[in-house]
Amino acid sequence: MNMVANLVMRHAACGSCWCIVVLCLAVVPGCRQSDEPSADAVATSTGQEDSGQENSGQATTVDDQIRDQSGSVSEKIVAFLKRGDFDSASDLISQKLIERPGDSEILLLASRVHQAKGDRETALELAQSVGSESAQSVEAVNLTLQLQLELGRPGDAIDELGKAVKRSSVARGQIASWRQQLWALLNRFGRRQEACQQADQMCREGYLNRKLLISLIRRGDSFPLAIGTDTPADFFYPGLGTARWYFSQGEFKKALEHLSKEASAEFQSDAARALYGRLLAESQATDEVNHWYGQTNKETQAFSDYWVALGIVFFDQQRFEASSRALLEAIYIDPTDDDACHRLARVLDALERREDAATIREHAIRNAELKSLAKRLSLDQPQPELTVGLPEMLVDLGRPFEAIGWALLDLPPGNQAKATSLRQQLAFLRSKPETSSMASEVAIAQINRDELEMDDAIQKLAAESQAAADASDDPGGLSGNRLPPQLVEPDLKNVATEKGLVFQWYHAPEIDLKSIPLHEFMGGAIAVGDYDRDGWPDLYMGQGSGEPPLENCTRSNQYFRNIGGRFIDQTESAGAADFHYSVGIAAGDVNQDGFVDLYLGALGDNKLLINNGDGTFHDATTTLGPASPQFTSSVAIADLTGDARPEIFEGVYVEMEGGFRLPEEDESGREVMPGPNDFYAEVDRWYQNLGDGDFKIRSLDREAIEPATALGLIVTDTDADGRNEVFISNDARPNHLLVGFDGSTVSNIAAPSGLAFGWRGFSDSCMGIASGDFNRDGRIDLSITNFSDESNNLFLQGNSGVFTDRARQYQLDALTFPYVGFGTKAIDFNRDGWIDFFISNGHVFDQRSRGGKFAMPPQVILNQESGFVSPPVAGDSDYLQGNYVGRSVAKFDFDRDQDLDLVVGHLDAPYALLESRTIKQGASLQLVLVGTQCERAATGTRVVVTAGGQQFTSWVAAGNGYLCSDETMLDFGLGRVDKIDSIEVNWVSGEQQTFADVSVNQRLLIVQGQQDVWSEIAE
């Protein structure tokens, strides 16, 4: 009574007359009117689409709105309002309020009057005071919603609708109308999980339309998922709404920016809090995730994003069981989340639950296909051809209500019998309670979540302090007088012609890169080695001018001898010619006589060239035994069995049969790009060194190790166990980390080691590999180049030996996302003690006719300790300012000036010899190791240099990435130090040697077991 009396006394002055009131939901600034729903937007269970006027609404006059209410009173009020006499109208309704204060009709009429006067606050309070059981309750709710939106309070409208849809006394049609209004508002707010709960209920009850069904295809992404040339502000409210849009596009940093204001204050919804945590985890912001977790509550746990965040965090902590449980919870809530499914498959692989992983991964792939469809459906007008087969796919995914909905919507006119049958199926399924969880059970492959323990991991996460996280993550030995990372201009000068290195890779007698088959995209190999042992590294270059697999190329490989920093072609005189179609080439001392030999990988028959020690080579291929021709990729020479004798490892890309076919054409005559999954993968193989000059060929067991598409290769001791592992980066298939060459069975441990898949849990199109200690924690790390729209991987090894792809955390993702990367090298260009990257880029196929790129710029990416940056290049570094179809890269110090130079291969240009002229901002050290108890190259040996209170770690490796062999030498940038305190050599065979008080800026030779070091400074 008092509340009503107070409302009566509040008369807001209105300066203009408006007697037109729109009954439909008002448009809030920043939202498109065309997307707002009305009660008429809901189609009936016939499955027919609504008329298309979902959002138009009908303008009605005040006379229409209050007709037949309070008899003559309403007529007088209408007359007053038409004349603009708001005071008289207000006086009259105030009198009636005093006489009948609890009358719902009067309250609603009073609300209309105050709305017409522009006093929306009073109008809202009056509308909300109408009894929920009165005859006017539905109209009061609708008016309340309108006023809340006019006042810019869509959140309050959501609360009002949430209460309204729970009313049992209201007609189902009206409830469905409110549900659709609630669905639309929740979509704008980015509260997609809650929106889909409303759409799900409508779908089950048979209230169907196309937009509702499209929105259910992807339940964690924004709706719409594609907006054409419009802006997010046209469709979504600020904050979570816009953040959800950017999240759905994979732009996590932008999404975080749009949630930052809510994060600094109080989140407007638990959905926003959950997504914020996921975005932090997706961005690998470890410190912030810990803080976020302390702000979560029980309500946050109702959202799938919360559990995905925990799944990511637990995986990074190598708590695989807890990670799988958290991701299972996420997928159970949102079975359409392909990223969560891919991540779960990766974790299940790590737990060696291969069958479950395969099932979940297949589910992820189908969800990814649906995302692509959802984008098209968001933009296109209804096109039945887009949804052909969609009902069957949805049934397979355990989503029968959506399947029936699409079948009804796409049903041709006049097929009433089929429509009736479908509606009957809908009613039958609605009567089965188990259908409510069918999609979730299918998505998690009916895995029993309760068998996976998570409580301990959650307790540890809650208890972990930021100080503990910093202590565990802070690299040791960085507190000394270190030189902070320096942002310098890299200066790499192409001096190939000047230095006599003239080499062009020819994929055919005539160069025509517009049309090339799959094998011709790979490019040629580069193998560095001091073949004549004069102290200057020479080059052997692979050629591919012909049709594989026959030995009929028109041009031979070439051998360039380095004489004092200049290169001379001595291919013929050295007996090093070869006319196979070459791919990967390995340089190494296979017979341990002190001279570097060559293993020539080809598309067909490979060849072994033994160095005679007099400047010539001889063909020793027969010592390998009978071997079938293969589609070889990268190769390596290194001791795999631990017997101090080097083996030969051979990566294989695809099967030979059909591997060289020409690209197919589409209906318009344009060539269709072939991909690795269009071909059958083949197993890799290796040659065991028998010690008597002969080798025994061994293929990997295809039952134990699934064949893949090998491109990159590196061999070293990744886990410090005294045995070398073989890491293979595979194209569009899971990577391999092979162990056990000294036993009877070689096994693949890439999945439990964290190297099989990239950050998001699926296979990338991996190519080149660079290795080194990128974050200075004393453990070996790996970086891998990938296809465009897949950022390079940055696999950092943790305390437990498990690798995690940290590309996003260290900002490497954005720098590499647009490019197709091939060769990559880890080099400290400016000698500040932090390893940088060089990357050779270039597309696989000519994309210019499709508006894309073929040639791409190479990249120098500098390590700034907390992240990577792309610096401007020096003005005279002409090579870095060009575009090329780049491929293989090898590193060496060709001019012996204490920095690393590069040879870069291209498809479209002569090879480049890049002399490093980058300004040195610190000291350096180069080491050449010779093993006596292990193989001479000492592959797998780890060296720790201590200087100025810092430690710098490096490993001797073979294979060296993509189709190349680098100079067998360890190169250290040391920052600002005057001397080296110690050099600790941990030989792969188990011995350890330490050398103290060593001068900087020199090249040293260390022989295993000898206590002296020898300077190798060139004269």
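Just so it is clear, the structure is predicted and the values come from calculations on it, not from any experiment. We count residues from 1, following the sequence as given. Only heavy atoms go into these numbers, but all of them, side chains included; no hydrogens, no water, no symmetry mates.
Side chains of Y962 and T824 form no contact here, defined as non-hydrogen atoms less than 4.5 Å apart. Side-chain contact check for D200 versus F401: every heavy-atom pair is 4.5 Å or farther apart. A 4.5 Å side-chain heavy-atom check between Y293 and L310 finds at least one atom pair inside the cut-off.
Applying the side-chain hydrogen bond (donor to acceptor under 3.5 Å, both in side chains) rule to pairs touching residues 305-316 yields R244-D305, R278-D305, sequence neighbours excluded.
A distance-only check finds a donor-acceptor pair linking the side chain of N730 to the backbone of A710 [under 3.5 Å]. Checking side-chain atoms of S440 against main-chain N and O of Y332 turns up a donor-acceptor pair under 3.5 Å. In this structure a side-chain-to-backbone donor-acceptor pair under 3.5 Å is missing from E441 to Q446. A donor-acceptor pair under 3.5 Å is absent between the side-chain atoms of E865 and the main chain of G867, judged by distance alone. Between the W759 side chain and the E282 main chain, a donor and an acceptor come within less than 3.5 Å of each other.
For the residue pair S771/W955, the side-chain donor-acceptor check at 3.5 Å is not satisfied. Side-chain polar atoms of N297 and T300 form a donor-acceptor pair below 3.5 angstrom. Judged by distance alone, the side chains of D717 and N724 never bring a donor and an acceptor atom under 3.5 Å apart. Between the side chains of D337 and N367, no donor N or O sits under 3.5 Å from an acceptor N or O. Judged purely by distance below 3.5 Å, without hydrogens or angles, the side chains of D338 and H342 never pair a donor atom with an acceptor atom.
Between R366 and E369 there is no salt bridge, since no side-chain nitrogen of the basic residue lies less than 4.0 Å from a carboxylate oxygen of the acidic one. Under a 4.0 Å N-O distance rule, the pair R219/D334 does not qualify as a salt bridge. Here D221 pairs with K371 in a salt bridge; the nearest charged N to carboxylate O distance falls below 4.0 Å. Salt-bridge formation is detected for the pair E329/R325: a Lys NZ or Arg NE/NH1/NH2 atom is positioned less than 4.0 Å from an Asp or Glu carboxylate oxygen.
The residue from R779, Q317, Q318 that alone fulfils the side-chain hydrogen bond (donor to acceptor under 3.5 Å, both in side chains) condition with N799 is R779.
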I'd like a table of donor-acceptor pairs (distance under 3.5 Å, sequence neighbours excluded) in which one partner is a side-chain atom from residues 249-258, with atom names and distances.
from : atom 1 : to   : atom 2 : distance (Å)
Q249 : NE2    : L225 : O      : 3.2
E251 : OE1    : K254 : NZ     : 3.3

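Both tests pass for R776 against the ring of W834: distance under 6.0 Å to the centre and angle within 45° of the axis. Judged by the 6.0 Å distance and 45° axis criteria, R346 is positioned over the aromatic ring of F315.
Remark: K375 NZ to L370 CG distance equals 13.0 Å, nearest 0.5 Å. Remark: I835 CD1 to N775 CG distance equals 9.5 Å, nearest 0.5 Å.
Evaluation of the side-chain hydrogen bond (donor to acceptor under 3.5 Å, both in side chains) rule for D773 yields no partner, not counting sequence neighbours.
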| Steps toward ring pair (Phe, Tyr, Trp, His ring centres under 6.0 Å) verdict (F774, F837) | CA-CA 10 Å; F774 307 140; F837 294 124; 4.9 Å; yes
| field | side chain to side chain contact (heavy atoms under 4.5 Å, CB included) evaluation trace for L328 with L344 | value | CA-CA 7 Å; L328 282 166; L344 176 59; 3.5 Å; yes
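For W292 and F267, the distance between ring centers is not under 6.0 angstrom.
Environment of CD in E321: crowded, with over 12 heavy atoms of neighbouring residues, nucleotides or ligands closer than 6.0 Å.
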